[in-house]
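Keep in mind that the numbers below use all heavy atoms, side chains included, and drop hydrogens, waters and symmetry copies. For reference, positions follow the sequence shown, starting with 1.
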Amino acid sequence: MEQLICKDLALGYDGKVVSEGISFGVSRGDYLCIVGENGAGKSTLVKALLGLNAPISGSIRFSNGLKQNEVGYMPQQTHVQRDFPASVEEVVVSGCLNRAGMRPFYNREERALALRNMEELGIGPLKKRCYRELSGGQQQRVLLARALCATRKLLLLDEPVSGLDPAASAQMYALIRQLNSDAVTVIMISHDVTAAAREASHILHLSNRPRFFGTAKDYLESDVGRLFLGAEGGAQG
């Protein structure tokens, strides 16, 4: 059964449509990559899924035991955020904010959850380090651990390997793959169509036309998939 159903979405700002006719569904354990050229509406769709911007038309429905506030979000970092002067532990446990509710502090269970997530992602020994002193790959692990403190139902990851070197990117993809194999549903925004087709179970390709939603296997055989994978391969060559 699907956890998330988006039907005939039109997205934009101030009544101006950026992208429309978007329909897709995500079931528990899926790994969906959302790809497309700049300006195709990827960031706008993220904000709609998080409830930050309402769609101009169409519907977003959460079901099968998932609520909108149970989406763990890993944002794409800005330069300012990379320089955040807090400890790793403080950043990770802040993912428990919704669990804490109106309490002005985190309880023992929430701090234990943060520690478990840090250990799972291999950053337990860094818990007292200052976040801004870490490498890019370590910072991304911290943000992923933070998202896991919010939920293990569905993770929404916005360009999780942006700015990472090939080795750190491979490690991050491996961590996401492991979480997905443990029944965590993943939605990942990516500009890397090749990696998306390799890692994901499903692809949503946003563009003016043609648009694609389906399995990664079918995407590789589709006209839009061959077009963009061919263009990416040429650019990389």
Side-chain angles (χ1 to χ4, degrees), residues 31 33-34 38 42-43 46-47 49-50 52 69-182 184-192 194-196 198-199 236:
Y31 186 162
C33 273
I34 302 174
N38 291 337
K42 299 190 297 296
S43 297
V46 167
K47 291 177 181 178
L49 295 177
L50 293 172
L52 301 176
N69 63 1
E70 294 177 315
V71 175
Y73 177 49
M74 179 179 170
Q76 187 174 2
Q77 286 199 96
T78 65
H79 290 294
V80 172
Q81 290 166 334
R82 291 190 181 97
D83 201 36
F84 191 60
S87 73
V88 167
E89 185 176 22
E90 288 171 331
V91 174
V92 173
V93 78
S94 69
C96 295
L97 188 62
N98 281 342
R99 298 172 184 267
M102 298 299 293
R103 279 187 281 111
F105 58 87
Y106 301 106
N107 62 29
R108 181 180 302 174
E109 291 77 15
E110 289 156 354
R111 292 193 176 276
L113 173 63
L115 182 59
R116 288 197 303 274
N117 288 332
M118 286 186 281
E119 294 290 349
E120 181 178 0
L121 299 184
I123 54 173
L126 304 177
K127 65 180 183 179
K128 298 303 182 184
R129 289 274 303 277
C130 183
Y131 177 77
R132 66 183 177 187
E133 296 174 355
L134 303 183
S135 69
Q138 290 170 333
Q139 287 188 345
Q140 292 298 81
R141 289 181 184 228
V142 171
L143 295 181
L144 184 56
R146 180 182 183 275
L148 285 170
C149 282
T151 183
R152 294 188 75 95
K153 292 183 178 181
L154 190 152
L155 294 178
L156 178 55
L157 313 176
D158 192 353
E159 301 282 5
V161 302
S162 178
L164 301 186
D165 61 41
S169 295
Q171 292 169 359
M172 179 57 63
Y173 281 130
L175 288 172
I176 297 169
R177 199 181 308 127
Q178 181 59 52
L179 290 169
N180 181 243
S181 71
D182 293 337
V184 177
T185 306
V186 175
I187 299 177
M188 182 173 77
I189 311 300
S190 179
H191 69 278
D192 188 342
T194 300
R198 180 186 69 237
E199 298 290 333
Q236 292 172 348

Is the CG atom of N38 crowded by more than 12 outside heavy atoms at less than 6.0 Å? no
What's the shortest heavy-atom distance between A145 and N117, and which atoms? O-ND2, 3.8 Å
Nearest 0.5 Å please: distance from the CG atom of N69 over to the CG atom of L97. 11.5 Å
Tell me the closest heavy-atom pair linking N180 and T185, and the distance in Å. ND2-CA, 4.5 Å
Just wondering, do V142 and V92 contact through their side chains at under 4.5 Å, heavy atoms? yes
Could you measure the distance from the CG atom of L121 to the CD atom of Q178? Nearest 0.5 Å is fine. 10.5 Å
Using 0.5 Å steps for rounding, measure from the OG atom of S135 to the CD atom of Q140. 9.5 Å
Could you state the interatomic distance from CD (E159) to NZ (K42), rounded to the nearest 0.5 Å? 7.0 Å
Residue pair K128 / S87, side-chain heavy-atom distance below 4.5 Å: no
Atom pair OG/CD of S190 and E199 - distance to nearest 0.5 Å: 9.5 Å
Exercise: identify the closest heavy-atom pair between L164 and G136: CD2-C, 3.4 Å
Less than 4.5 Å apart, any side-chain heavy atom of L134 and any of V88? yes
Under a 4.5 Å cut-off applied to non-hydrogen side-chain atoms, are L115 and E119 in contact? yes
Provide the closest heavy-atom pair for Y173 versus Y31 in the form atom of the first, atom of the second, distance. CD2-OH, 4.3 Å
Partners of V184 by side-chain contact (heavy atoms from CB on, under 4.5 Å), sequence neighbours excluded? R152, L155, L179
Identify the heavy atoms of C149 and C96 that sit nearest to each other, and give their distance. CB-SG, 3.7 Å
Heavy-atom pair with the smallest gap, counting every atom of G122 and R141: CA-NH1, 4.2 Å
Just how far is it from atom CD1 of I123 to atom CG of L144, taken to the nearest 0.5 Å? 8.0 Å
Is V46 close to Y73 at the side-chain level, that is, under 4.5 Å between some pair of heavy atoms? yes
